[in-house]
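A short worksheet on the structure shown next.
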Amino acid sequence: MSQNHEAAVPSPGATRLALVSDCGSCFGLCCVSLAYSASADFAIDKPAGKPCPNLEQDFRCGIHRELRGRGFQGCTVYDCFGAGQKVSQETFQGRDWRAAPETAAAMFEVFPVMRQLHELLWYVTEALALPKARPVHAELRAALSRTEALTALAPEALAVLDVPSHREEINQLLLRASELVRAEFPGRKKDRRGADLMGARLKGADLRGANLRGAFLVAADLRGADLRLADLIGADFRDARLSGADLTEAFFLTQAQLNAAKGDATTRIPPSLVRPAHWED
């Protein structure tokens with residue numbers, strides 16, 4: 001029976017496809033439900049629940065190709081992990097907030113919750129693709145099923161969901177998976193969890209197997225650094241210099257983190273991610 005259950009679980013690759021943002025199937029939820037302030041990342045102030053002035057009637061961005069040049073760099077590094085299309089097409093069954101304004105408040109409230117659940121699904125799916133994390137794969141599969149079930153809840157249930165508790169439960173599993181993967185480097189693993197490494201000079205650093213969870217690497221010089229098998233969950237790579245860096249086997253790395261960094265053609269990235277268009281050739 002357990003063999004049949006495992007066979008029914010979608011492959012990590014198939015599951016991950018559903019966690020890739022599809023803006024064409026979303027009602028511009030990140031452009032409406034989220035708030036942002038005028039800063040280096042956003043050219044204007046926008047309160048939560050108010051549509052961005054660049055959002056067009058078809059829910060597309062009117063300046064999509066010019067976001068960075070127009071002062072909206074923050075938009076280019078945001079990733080909803082597919083939560084937008086999930087809320088738009090499944091939770092609210094294709095009813096958009098313009099045509100059905102009575103759904104607006106609930107839709108905007110639910111979107112950030114769904115985004116957190118989809119982010120957890122992304123990390124659990126990646127952990128299931130790590131062979132060395134096999135001892136916790138059964139628990140991860142169970143966590144994946146529980147989280148997917150939560151994403152199918154009705155709007156009113158999603159709005160009051162205790163996401164922090166669920167996140168903590170998942171995080172414990174991800175920590176165990178991380179330890180198993182990074183055990184390849186016994187006695188030499190660097191623990192930089194949550195470290196303030198803003199502007200740090202780490203050019204050519206050997207960071208294989210390092211724990212960089214939640215590390216602040218803003219504007220850090222990581223040119224030529226070796227980050228293989230490093231745990232990068234939640235690491236802040238804004239403006240980090242990654243030319244020549246090797247991230248091929250780094251895990252829990254997201255597209256948003258790469259989009260926020262500065263790399264080039266010599267930066268080696270995991271095959272599941274895409275080289276950002278704004279990186280230098």
Side-chain angles (χ1 to χ4, degrees), residues 1-22 79-92 109-184 189 193-194 209 211-214 229-235 249-257 270-273:
M1 186 170 181
S2 61
Q3 290 181 344
N4 291 336
H5 171 71
E6 291 185 16
V9 175
S11 68
T15 301
R16 185 170 289 177
L17 285 176
L19 303 174
V20 175
S21 300
D22 177 8
D79 189 352
C80 77
F81 297 97
Q85 65 257 30
K86 176 81 171 188
V87 171
S88 299
Q89 302 302 328
E90 296 186 34
T91 309
F92 286 87
E109 185 177 19
V110 162
F111 172 66
V113 176
M114 187 69 77
R115 194 266 181 196
Q116 292 182 70
L117 293 175
H118 271 227
E119 182 181 17
L120 292 175
L121 287 174
W122 176 276
Y123 291 134
V124 173
T125 300
E126 177 156 2
L128 282 168
L130 299 170
K132 289 186 168 126
R134 191 172 299 280
V136 294
H137 275 189
E139 292 174 81
L140 286 166
R141 281 193 292 270
L144 186 72
S145 295
R146 289 196 302 274
T147 307
E148 287 179 332
L150 292 177
T151 69
L153 291 174
E156 55 272 19
L158 281 165
V160 298
L161 189 65
D162 185 0
V163 179
S165 294
H166 186 65
R167 179 181 289 276
E168 179 57 29
E169 176 189 344
I170 298 294
N171 189 50
Q172 292 305 312
L173 281 175
L174 297 178
L175 281 168
R176 288 166 59 191
S178 175
E179 289 294 332
L180 288 166
V181 174
R182 295 183 301 107
E184 182 174 321
K189 300 187 294 292
R193 184 176 182 179
N211 183 352
L212 288 165
R213 285 175 156 247
L229 294 182
D231 183 342
L232 302 178
I233 193 168
E249 295 178 88
F251 56 100
F252 300 148
L253 176 68
T254 68
Q255 188 64 50
Q257 287 170 297
S272 61
L273 299 177

Output, in order, the C-alpha distance, side-chain angles, deciding distance and verdict of side-chain contact (heavy atoms from CB on, under 4.5 Å) for Leu175 and Arg193.
CA-CA 12 Å; Leu175 281 168; Arg193 184 176 182 179; 3.8 Å; yes

side-chain contact (heavy atoms from CB on, under 4.5 Å) involving Gln116 - partner list, sequence neighbours excluded
Val163, Arg167

Tell me, please, which residues at least two apart from Thr254 pass side-chain contact (heavy atoms from CB on, under 4.5 Å).
Phe81, Trp122, Tyr123, Ala256, Gln257

On a heavy-atom basis, the closest approach of Gly82 and Ser21 is N-OG, 3.7 Å

Name all residues meeting the ring-ring contact (aromatic ring centres under 6.0 Å, His included) criterion together with Phe251; count only those two or more places apart in sequence or in a different chain, and write none if there are none.
none

How long is the straight-line distance from CD of Gln172 back to CD of Glu139, given to the nearest 0.5 Å?
11.5 Å

Who passes side chain to side chain donor-acceptor pair (under 3.5 Å) against Glu156, sequence neighbours left out?
none

From Leu253 atom CG to Ile233 atom CD1, the distance as rounded to the nearest 0.5 Å
11.0 Å

How long is the straight-line distance from CG of Asp79 back to CZ of Arg115, given to the nearest 0.5 Å?
6.5 Å

Which residue pairs satisfy the salt bridge (charged side-chain N to carboxylate O under 4.0 Å, His left out) criterion with at least one member in residues 127-137, sequence neighbours excluded?
Lys132-Glu184

Tell me, do Val87 and Leu158 make a side-chain contact under 4.5 Å, heavy atoms counted?
no

Who passes salt bridge (Lys or Arg N to Asp or Glu O under 4.0 Å) against Glu109, sequence neighbours left out?
none

Which atom names give the shortest non-hydrogen contact between Thr151 and Met114, and what distance separates them?
O-CE, 3.2 Å

As an exercise, state the distance from CG of Leu174 to CG of Leu130, rounded to the nearest 0.5 Å.
10.0 Å

Return the minimal non-hydrogen interatomic distance between Leu121 and Leu19, and the atom names on each side.
C-CD1, 3.6 Å

Please list, chain by chain and in numerical order, all residues satisfying side chain to side chain donor-acceptor pair (under 3.5 Å) with Gln255, sequence neighbours excluded.
Asn259

What are the two closest heavy atoms between Ala133 and Leu180, and how far apart are they?
CA-CD1, 4.0 Å

Check the pair Val124 / Leu173 against side-chain contact (heavy atoms from CB on, under 4.5 Å), numbers first and verdict last.
CA-CA 9 Å; Val124 173; Leu173 281 175; over 6 Å; no

Any residue meeting salt bridge (Lys or Arg N to Asp or Glu O under 4.0 Å) with Arg146, in chain and number order, not counting sequence neighbours
Glu169

Taking only residues two or more places apart in sequence, or in another chain, which ones meet Pro155 in a side-chain contact (heavy atoms from CB on, under 4.5 Å)?
Thr91, Phe92, Val110

Nearest-0.5 Å distance that lies between atom CG in Leu140 and atom CG in Leu128:
5.0 Å

Nearest heavy-atom approach of Gly84 to Cys80 is N-SG, 3.3 Å

Just by modelled atom types, is the Leu229 backbone N or O under 3.5 Å from a matching donor or acceptor in the Glu249 side chain?
no

Answer whether the closest heavy-atom distance between the side chains of Leu153 and Leu150 falls below 4.5 Å.
yes

Sorted by first residue and then second, give each ring-ring contact (aromatic ring centres under 6.0 Å, His included) pair with at least one member in residues 137-166; sequence neighbours left out.
none

Between Gln89 and Asp22, is any pair of side-chain heavy atoms under 4.5 Å apart?
no

